[in-house]
2 protein chains.
Amino acid sequence: MTEIEYCTTRKIRKVDIDEYEDISRIINAAGNKARIAILEIISEYEEVCTCELQPALGMPQPTITTHLSKMYDVGLLKKKQVWRFSYYYINPKYRELVNTILKDRKKEKETS
Amino acid sequence: MTEIEYCTTRKIRKVDIDEYEDISRIINAAGNKARIAILEIISEYEEVCTCELQPALGMPQPTITTHLSKMYDVGLLKKKQVWRFSYYYINPKYRELVNTILKDRKKEKETS
DNA sequence: GGGTCATATTTAGGGATTACGATATGATAA
DNA sequence: TTATCATATCGTAATCCCTAAATATGACCC
């Protein structure tokens, strides 16, 4: 016998963890309270610029830019330049994911 | 004038970031490639024990237990004791969220 | 009791993350 | 071209995370 035997109840298929790398980066970028707050605002207003988020979140501009960049870098957000503003919006590819997260938060709030 | 004025294009509603604390813990617990792999297996087999995951993931038991605990602690997973096994399953409350994550991963895979 | 199997905890180090002040870039307006 | 506004980057300290070896617990069987 060459392979180690574990509990022999069932044979579970083997998985390659690296196949979950890309999606984990997306989910990870969403796994922060400030960033979920940002996602909620963006999904409410369609697209927002950094300066609009400052009074809404009550945090300094570099902090907001860092959060936006993190979500932009993994592809969760997209960006467009209008006049002197950078407008961020949710990558349509992940709109359903974001909606599910935001919906779950509201469920959470009701049941507490 | 007492309040700082930012770009005056729109007035965005203020949000309380702490209201996103609970959901961010859930999302954060899911934001790791090993844990998403675990979620996929669990959602495929309904419920799995730690020892079944060892050969499937190819990682040592303490690492797997740590990942499972992290998801259990925030409420993403639930646990039941059967004989000498701990069976973990997805909290029904978050099944839709998990499905959306796994579905997005498959979409990802197709378009690459 | 003693042995075994499944699981959990402890611990550690290397790395990543968060927040944010200071500073830099870059576009626009005067 | 100089000032201003919006945004981005840098630097850094505090904190948290990932992995996994060593160890402990705890249920079950003899």
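Keep in mind that the numbers below use all heavy atoms, side chains included, and drop hydrogens, waters and symmetry copies. Per chain, numbering begins at 1; letters A, B, ... match sequence-line order.
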Heavy-atom nearest nucleotide on DNA chain D taken for A/Tyr88 and for B/Pro60; more 5' hit belongs to A/Tyr88
Does A/Thr63 have a side-chain nitrogen or oxygen under 4.0 Å from the phosphate oxygens OP1 or OP2 of C/dA19? no
Using whole Å, what does the distance between atom C1' of nucleotide C/dT17 and atom CG of A/Asn32 come to? 9 Å
Round to the nearest Å and state the distance from B/Lys33 atom NZ to D/dC18 atom P. 12 Å
Grab the CG-P distance between A/Leu57 and C/dT18 for me, whole Å please. 15 Å
Closest nucleotide of DNA chain D for B/Pro62 versus for B/Gly31: which of these residues is on the 5' side? B/Gly31
Just the rounded figure in Å: distance from P of C/dA8 to OH of B/Tyr87. 13 Å
What is the distance, rounded to the nearest whole Å, between atom CZ of A/Arg84 and atom P of C/dA27? 13 Å
Check if the side chain of A/Gln61 and the base of D/dA6 share a donor-acceptor pair of N or O atoms closer than 3.5 Å. no
Take atom CZ of B/Phe85 and atom P of C/dA8, then tell me their distance rounded to the nearest Å. 13 Å
Tell me whether A/Tyr89 is reachable from A/Met71 by hopping between hydrophobic residues (I, L, V, M, F, W, Y) whose side-chain heavy atoms are closer than 4.5 Å. no
Using the ring of B/Tyr87 (Phe, Tyr or Trp, six-membered ring only), decide whether B/Lys80 places NZ or CZ under 6.0 Å from its centre and within 45 degrees of its axis. no
To the nearest 0.5 Å, what is the distance between NE2 on A/His67 and NZ on A/Lys33? 10.0 Å
Nucleotide nearest A/Asn28 when distance is taken to its side chain, options D/dA20, C/dT17, D/dA8: C/dT17
Cation-pi check, B/Arg105 to A/Tyr20: give yes when NZ or CZ is under 6.0 Å from the six-membered ring centre and within 45° of the ring axis, no otherwise. yes
For DNA chain C, what residues of residues 67-76 of chain A have any heavy atom nearer than 4.0 Å? A/His67, A/Lys70
Could you check how far CD of B/Gln54 sits from C1' of C/dT7, rounded to whole Å? 10 Å
B/Lys79, nearest nucleotide to its side chain (from D/dA8, D/dA20, C/dA8): C/dA8
